[in-house]
Amino acid sequence: MSEAIIIAVDGPAASGKGTLARRLADHFTLRHLDTGGLYRAAAVRLLESGGDPADAATAEAAARNLAENDLKSPHLRDEEVGQAASILSAHPPVRAALLAYQRDFAATPPGAVLDGRDIGTVVCPEATGKIYLEASAETRAARRAKELRLRGVESIESRVLQEMKDRDARDSGRAVAPLKAAEDALTIDTTGLSPDEVFDLALSYIAARVG
Ligand code: DC
């Protein structure tokens with residue numbers, strides 16, 4: 001049995017996973033892994049070489065050949081990259097290529113907070129605590145549009161909303177490791193909540209499990 005404390009934070013795009021995961025990691029002095037970043041890094045690598053994310057073999061090669069630098073690409077958070085990551089992440093060999101890295105990261109003492117889509121269900125089914133965040137697509141699109149504005153990227157909110165819905169459908173509908181709450185996860189709807197309120201709810205739940 002691993003001595004690591006593992007906290008899984010799953011949910012759709014812009015549900016608040018990253019913010020919550022970082023805060024929990026700080027609070028419990030754990031490492032943090034944004035697993036979406038791995039799929040995004042594979043997407044950057046693939047798009048830069050002109051590849052098609054729908055092609056399984058090309059996508060798998062991009063995932064297997066990930067380098068440290070891909071994770072630092074300035075394009076990592078681009079919407080186009082998010083969409084490509086969503087497409088390539090549906091290929092089972094891509095997921096298989098990234099699984100061991102995520103599990104090793106989680107199991108290394110003192111443990112970690114991982115955020116993603118399938119952490120509580122597939123990557124770390126034995127996690128110490130599992131949280132699933134959700135929020136209406138409209139709320140999430142407004143958050144994403146604001147985030148883009150802060151980065152100096154102008155966006156049309158209706159388009160962001162449509163892309164969000166497309167991504168939700170793809171991430172939830174795929175055959176392997178679809179986005180869904182683990183049966184034993186605490187689900188928090190963040191629609192009307194501030195980041196502090198979400199953190200407080202998550203903290204009381206996790207603190208009871210960490211002891
Ligand atoms: O969380 P994000 O928006 O950075 O993730 C980008 C895409 O990567 C997401 O649309 C689906 C995929 N992903 C995944 O399939 N599994 C994960 N654990 C994390 C992300």
Side-chain angles (χ1 to χ4, degrees), residues 6-22 25 31-47 53-54 56 59-60 62-63 66 70-106 112-125 127 130-135 137 139-148 151 153 155 160-182 185 190:
I6 300 172
I7 301 174
V9 182
D10 290 303
S15 55
K17 304 183 298 286
T19 304
L20 176 62
R22 270 189 298 277
R31 290 140 54 249
H32 168 229
L33 180 64
D34 160 19
T35 64
L38 302 175
Y39 293 94
R40 283 173 179 268
V44 169
R45 178 165 271 267
L46 186 145
L47 293 174
E60 181 186 359
L66 267 195
D70 298 323
L71 289 162
K72 295 180 195 145
S73 164
H75 298 297
L76 210 63
R77 315 290 341 152
D78 292 359
E79 281 305 287
E80 182 199 3
V81 169
Q83 292 292 343
S86 170
I87 295 168
L88 71 74
S89 66
H91 301 301
V94 168
R95 308 199 70 80
L98 299 175
L99 191 57
Y101 176 81
Q102 295 173 79
R103 286 193 174 147
D104 287 349
F105 189 98
V113 183
L114 281 76
D115 72 79
R117 302 288 189 288
D118 62 338
I119 308 304
T121 51
V122 174
V123 177
C124 302
K130 301 179 185 179
I131 295 169
Y132 186 85
L133 298 185
E134 54 189 19
T139 302
R140 292 184 289 113
R143 287 177 189 160
R144 182 51 51 87
K146 185 177 167 196
E147 215 176 277
L148 289 169
R151 285 173 48 204
V153 181
S155 63
V160 176
L161 175 61
Q162 190 52 51
E163 285 178 357
M164 192 75 78
K165 287 181 174 170
D166 291 348
R167 196 131 77 90
D168 287 354
R170 212 181 295 115
D171 293 351
S172 310
R174 69 182 173 221
V176 175
L179 166 69
K180 66 167 186 219
T190 70

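One-based numbering, in listed order, for ligands and for the atoms of each. We're numbering straight along the sequence, starting at 1.
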contact_flag Lys17 ligand 1 heavy-atom lt 4.0 Å: yes
Is ligand 1 less than 4.0 angstrom away from at least one heavy atom of Arg77? yes
Between [Y] and [X], is the closest basic N to carboxylate O distance under 4.0 Å?
| X | Y | value |
| --- | --- | --- |
| Asp10 | Arg117 | no |
| Lys180 | Asp171 | no |
| Arg95 | Asp118 | yes |
| Arg77 | Glu147 | no |

Close-contact set for ligand 1 against Ser89 heavy atoms, below 4.0 Å: 11 (C), 12 (C), 15 (O)
Check ligand 1 against Asp171 and write out every atom of the ligand that is under 4.0 Å from a heavy-atom position of the residue. 9 (C), 10 (O), 11 (C)
Between Arg95, Arg117, Arg144, which one has a non-hydrogen atom sitting closest to atom 15 (O) of ligand 1? Arg95
Record the part of Arg40 in heavy-atom contact with ligand 1 below 4.0 Å; permitted values are side chain, backbone, both and neither. side chain
Met164, portion touching ligand 1 at heavy-atom distance under 4.0 Å: neither
Atom 13 (N) of ligand 1 sits nearest the protein heavy atom Tyr39 CD1, 3.6 Å
Nearest non-hydrogen protein atom, atom 6 (C) of ligand 1: Arg167 NH1, 3.5 Å
Are any of the N/O atoms in Gln102 less than 3.5 Å from those in ligand 1? no
Taking distance alone, with no angle check, do Thr35 and ligand 1 share an N/O pair under 3.5 Å? yes
Calculate, to the nearest 0.5 Å, the distance between atoms CZ and OG belonging to Arg140 and Ser15 respectively. 6.5 Å
Arg167 and Ser86: side-chain donor and acceptor closer than 3.5 Å? no
Sidechain-backbone polar pair: Glu134 side chain, Thr190 backbone, donor-acceptor under 3.5 Å: no
I'd like to know if the side chain of Lys17 reaches the main chain of Asp115, judged simply by a donor and an acceptor atom lying under 3.5 Å from each other, with no hydrogens or angles considered. no
